[in-house]
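Quick notes on the structure that follows.
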Amino acid sequence: MLKLSFALRRLPQLSREEFQRHWRETHAPLVAKHRETLRIARYVQLHTLDAAAHGPLRESRGAPEEYDGVAELWWRSAEDLTAALATEEGRRAGAELLEDERRFIDLSRSVLTLGVEHEVLSPAPGLDDGADSGA
């Protein structure tokens with residue numbers, strides 16, 4: 001599986017709550033709408049807690065400011081992603097997603113990473129991994 005991790009920072013004029021609401025209520029359904037066209041196998045949103053919750057952990061490591069969230073998308077292979085984006089329909093879907101992202105994400109301060117997961121620990125028995133949590 002190929003995984004895209006997108007560490008998101010909100011536009012400066014948005015509160016964290018406004019950013020996360022748009023992401024959850026507007027952008028997530030848009031991703032779901034284009035799931036088949038873009039061949040997305042899985043999509044997860046990680047909504048971060050406020051800065052006060054991050055403070056001690058961040059300070060203990062000398063880390064920079066936290067992100068407002070992390071989007072994770074999976075494809076069955078790099079070829080699947082490439083094939084999806086090679087179609088006119090795929091390019092239109094990607095353009096529609098980007099157009100919406102510009103409404104709430106500070107793209108110049110957000111980081112995209114493509115890679116392959118190497119699982120070190122599996123979910124503990126009885127622990128729900130959230131795989132069926134939807135968009």
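Note that this is a predicted model, so its numbers are computed, not measured. Throughout, numbering of the chain's residues begins at 1 and tracks the sequence.
Nearest heavy-atom pair, R35 versus A41, reported as atom, atom and distance to 0.1 Å: NH2-O, 2.6 Å. When all heavy atoms are compared, the tightest approach of Q45 to R24 is OE1-CA, 3.6 Å. Considering every non-hydrogen atom in both V31 and I40, the closest pair reads CG1-CD1, 3.9 Å. The nearest pair of heavy atoms linking Y43 to A28 is CE2-CA, 4.0 Å.
Evaluation of the ring-ring contact (aromatic ring centres under 6.0 Å, His included) rule for F6 yields no partner, not counting sequence neighbours. Residues passing the ring-ring contact (aromatic ring centres under 6.0 Å, His included) test with H22, sequence neighbours excluded: F104.
T48 places a side-chain N or O within 3.5 Å of a backbone atom of D68 that can act as its donor or acceptor partner.
With contacts defined as side-chain heavy-atom distances shorter than 4.5 Å, the pair R16/E66 qualifies.
In this structure, a donor-acceptor pair under 3.5 Å is absent between the side chains of T26 and R21.
A salt bridge does not link D106 with R9: none of the charged nitrogens is closer than 4.0 Å to a carboxylate oxygen.
The hydrophobic cluster around V116 extends to none of the other residues, as no ILVMFWY side-chain heavy atom falls under 4.5 Å of it.
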I'd like to know whether E96 forms a side chain to side chain contact (heavy atoms under 4.5 Å, CB included) with K33, so could you lay out the CA-CA distance, the side-chain angles of the two residues, the decisive distance to 0.1 Å, and finally the verdict. CA-CA 11 Å; E96 186 176 356; K33 170 186 163 186; 3.2 Å; yes

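Within a 6.0 Å sphere centred on CZ of R91, heavy atoms belonging to other residues, nucleotides or ligands number more than 12.
The side-chain tip of R42 points at the ring of W74 from less than 6.0 angstrom away and within 45° of straight on.
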